[in-house]
Amino acid sequence: MERLIHELNALIPAHGASVLFAVALLSCAGIPMPTSAMMMAAGAFIAAGDMHMAPVMLATLVGAVIGDQIGYFAGRFGGEPLWQRFHRNARLAPTMDRAQHELDSRALIAVVVSRFPLSALGPWINLASGATRVGWQRFSLGVLIGDGIWILAYVGGGYVFADNVSHLSAKMTSVLAAVAFLGLAMLIGRHLWQRHEDA
Amino acid sequence: MTPARPPAPLPLRLLFWLCLTLGLAFAGDAAWRILSEDGRRPVEEWMSPRHVMAVFHVPEADLARILGFPPGAPPFASIRDLAQTQGRSMAEVMAELQAAADAHAGDTP
């Protein structure tokens with residue numbers, strides 16, 4: 001993984017902010033990419049005077065928002081029929097209805113939090129939001145706020161901690177992935193426990 | 001009185017165990033990275049000359065000599081690309097840069 005991060009970081013000086021646009025787009029559309037680590041490297045380049053903050057932030061934000069929209073509409077047009085198909089199963093339908101209701105009622109906060117700190121869940125929330133027909137405007141507002149915080153945190157982090165960016169980005173990626181997966185396990189575990197209690 | 005709900009479907013239970021396993025694996029990886037850190041910061045091939053100057057306090061003249069750019073104009077290029085332009089091996093360039101970084105390790109900016 002570190003080898004891949006170094007290879008991709010080396011593309012930033014060669015191609016500038018357009019690399020961040022492409023990587024943010026792909027990662028938000030669901031293809032695993034070390035976007036957070038690359039944003040930190042870009043922050044370090046900004047701190048050294050090689051790049052300017054505004055084009056980096058703008059290119060990354062535009063890429064991320066487009067990637068999120070791809071995920072949302074993939075869920076809307078590809079995921080919804082699949083959702084309906086599973087929904088016909090009488091055993092799954094109540095759980096799915098509850099999940100849909102939960103997601104719909106907390107759509108804005110779910111989308112924001114799944115950009116940062118739970119960014120590993122972002123592409124899944126995009127698909128689920130599209131498949132369960134969360135309002136596009138609410139989804140887009142959440143994406144804009146969440147992506148903004150995500151990009152500011154990592155590019156800003158790289159700028160401030162430019163002297164230790166390699167170590168920091170590897171640690172942060174692991175810590176945030178752990179938080180995301182353990183958080184998800186906790187939510188599912190709570191649901192399973194409630195079912196167990198009810199049964 | 002509400003009727004008893006059927007047990008949770010198998011995919012949901014599998015998802016729980018998958019998330020738990022992945023979460024613990026990433027937590028273990030983070031803990032290992034934090035505990036095994038020796039404080040040494042190696043020069044890496046994606047870094048640019050200005051980044052190396054800012055972080056490792058290597059004088060520009062030394063970098064210009066190693067990476068083959070004209071003094072006073074550090075380019076925005078990775079060490080990897082500069083080494084390739086010079087037709088030198090990465091290992092050789094990285095060893096020279098690391099030696100220069102180590103020589104200036106205690107310097108202040």
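Note: R33(B) leads R33(B), M47(B), E45(B) in heavy-atom pairs under 4.5 Å with chain A. If you tally non-hydrogen atom pairs under 4.5 Å between each of P49(B), G28(B), A30(B) and chain A, the highest count goes to A30(B).
The hydrophobic cluster containing L26(A) does not contain L127(A), counting ILVMFWY residues as joined when their side-chain heavy atoms lie under 4.5 angstrom apart, directly or transitively. Cluster annotation: I31(A) and I70(A) are assigned to distinct hydrophobic clusters (Ile/Leu/Val/Met/Phe/Trp/Tyr, side-chain heavy-atom contacts under 4.5 Å, transitive). Linking Ile, Leu, Val, Met, Phe, Trp and Tyr residues whenever their side-chain heavy atoms come within less than 4.5 Å places M40(A) and M53(A) in a single cluster. In terms of hydrophobic clustering, with Ile, Leu, Val, Met, Phe, Trp and Tyr side chains grouped at heavy-atom distances under 4.5 Å, F69(B) and V55(B) are assigned to a common cluster. Note: the hydrophobic cluster containing V56(A) does not contain I66(A) (ILVMFWY, side chain heavy atoms under 4.5 Å, direct or indirect links).
Neither the backbone nor the side chain of I79(B) comes within contact range of chain A, judged by heavy atoms closer than 4.5 Å. Within the 4.5 angstrom heavy-atom criterion, no atom of A47(A) approaches chain B.
Closest non-hydrogen pair, A178(A) versus G23(B), comes out as CB-O, 3.6 Å. Heavy atoms only, all atoms of each residue included: A48(A) and R50(B) are closest at O-CD, 3.3 Å. Here the closest non-hydrogen pair linking A10(A) and D81(B) is O-OD2, 4.2 Å. Among all heavy-atom pairs drawn from L20(B) and A185(A), the shortest one is N-CB, 3.7 Å. Of all the heavy atoms in L24(B) and L182(A), the pair that sits closest is N-CD2, 3.9 Å.
Between the CD1 atom in I188(A) and the CZ atom in R13(B) there is a gap of 13.0 Å [rounded to 0.5 Å]. Distance check: H51(B) NE2 to D50(A) CG gives 9.5 Å after rounding to the nearest 0.5 Å. Note that CE of M186(A) is 11.0 Å distant from CZ of F16(B), once rounded to the nearest 0.5 Å. Going from atom CG of L184(A) over to atom CG of L22(B) covers 10.0 Å, rounded to the nearest 0.5 Å.
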Can you check side-chain contact (heavy atoms from CB on, under 4.5 Å) on N9(A) and R80(B), steps first, answer last? CA-CA 11 Å; N9(A) 281 351; R80(B) 185 189 69 180; over 6 Å; no

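Relative orientation of the H6(A) and W46(B) rings is tilted, given thresholds of 30° and 60° on the angle between their planes.
By the neighbour-count criterion of 12 heavy atoms within 6.0 Å, atom CZ of F161(A) is sparsely surrounded, having that number or fewer from other residues, nucleotides or ligands.
Of residues 134-160 of chain A, not one residue has a non-hydrogen atom less than 4.5 Å from any non-hydrogen atom of chain B.
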